[in-house]
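Every heavy atom of this structure was used, including side-chain atoms; hydrogens, water molecules and symmetry mates were not. Starting from 1, each residue takes its place in the sequence as its number.
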Amino acid sequence: MVRYDASNTGSIPDTTGPKTAPTETWQTDQTLGSPARPTTLRDVLFTNATNGIAGFTTDGERRWAYRTNQPDFNPTPPVVVDDRVFATRTTALFALDAKVGAERWVFTLPAN
């Protein structure tokens with residue numbers, strides 16, 4: 001099944017959702033470019049934006065920033081596994097330390 005039921009309606013009538021509209025807790029202009037595609041793990045939000053990758057606390061303070069020097073105008077969301085953040089660019093794959101943003105390795109993709 002797709003979209004909850006056999007008719008693909010996307011409707012789940014027997015559930016309850018939020019009673020009020022969500023409110024913005026914080027925002028930042030320190031995502032290293034737009035669009036920022038966030039991923040969260042425990043108490044950290046990670047973004048893979050146009051000019052780099054960043055880690056933020058739950059109250060919006062930027063913990064670290066990693067500039068890739070490889071602009072990508074459609075970055076995919078980062079993937080977090082254990083203590084590593086994996087992010088891609090058009091020409092490379094990055095593995096960073098999730099706590100401090102230090103580069104663990106970079107794999108540059110071969111040119112076509």
Side-chain angles (χ1 to χ4, degrees):
M1 283 190 295
V2 179
R3 297 196 63 213
Y4 182 70
D5 61 6
S7 298
N8 296 326
T9 65
S11 174
I12 309 171
D14 299 331
T15 62
T16 59
K19 302 291 185 215
T20 60
T23 58
E24 184 176 281
T25 303
W26 59 269
Q27 63 177 309
T28 184
D29 60 356
Q30 297 185 44
T31 61
L32 301 177
S34 181
R37 309 261 199 266
T39 297
T40 60
L41 181 66
R42 291 184 289 279
D43 62 342
V44 182
L45 179 132
F46 302 94
T47 64
N48 187 8
T50 304
N51 295 314
I53 304 153
F56 294 87
T57 64
T58 55
D59 62 357
E61 180 183 340
R62 189 167 76 182
R63 281 188 169 178
W64 54 262
Y66 177 84
R67 293 198 179 273
T68 62
N69 296 320
Q70 297 182 9
D72 192 336
F73 296 103
N74 192 23
T76 59
V79 174
V80 184
V81 179
D82 297 326
D83 62 344
R84 296 287 187 267
V85 176
F86 299 93
T88 61
R89 285 294 192 255
T90 303
T91 59
L93 173 64
F94 298 86
L96 308 175
D97 182 290
K99 291 182 182 175
V100 297
E103 181 182 292
R104 294 299 179 186
W105 52 261
V106 176
F107 177 75
T108 302
L109 302 171
N112 288 338

Does K99 come within less than 4.0 Å of D83, counting only side-chain N to carboxylate O?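 The answer is no: the pair does not qualify as a salt bridge.
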Between [atom1] on residue [X] and [atom2] on residue [Y], distance to nearest 0.5 Å:
| X | Y | atom1 | atom2 | result |
| --- | --- | --- | --- | --- |
| F46 | N48 | CZ | CG | 12.0 Å |
| T47 | R62 | OG1 | CZ | 8.5 Å |
| R84 | D97 | CZ | CG | 6.0 Å |
| T88 | F94 | OG1 | CZ | 9.0 Å |
| L93 | F107 | CG | CZ | 8.0 Å |

[X] to [Y] - nearest heavy-atom pair and separation:
| X | Y | value |
| --- | --- | --- |
| P78 | V85 | CB-CG1, 3.8 Å |
| T68 | R89 | OG1-NE, 3.3 Å |
| P77 | T39 | CB-OG1, 3.7 Å |
| L41 | D82 | CD2-O, 4.0 Å |

Kindly indicate whether the side chain of R63, heavy atoms from C-beta on, has any atom under 4.5 Å from the side chain of D43.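 Contact flag for R63/D43 side chains = yes.
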What I'd like to find out is whether the side chain of E61 reaches to under 4.5 Å of the side chain of F56, using heavy atoms alone.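 Not in contact.
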Exam field: side chain [X] to backbone [Y], donor-acceptor pair closer than 3.5 Å:
| X | Y | result |
| --- | --- | --- |
| W26 | T58 | yes |
| T40 | V44 | no |
| W64 | A98 | yes |

If you count heavy atoms of other groups shown closer than 6.0 angstrom to CZ of R67, is the number above 12? no
Check whether W105 and V79 end up in the same hydrophobic cluster, where Ile, Leu, Val, Met, Phe, Trp and Tyr are linked by side-chain heavy atoms less than 4.5 Å apart. yes
Is Y66 reachable from V80 through a run of I, L, V, M, F, W or Y residues, each pair having side-chain heavy atoms under 4.5 Å apart?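 Looking at the clustering, Y66 is in the same group as V80.
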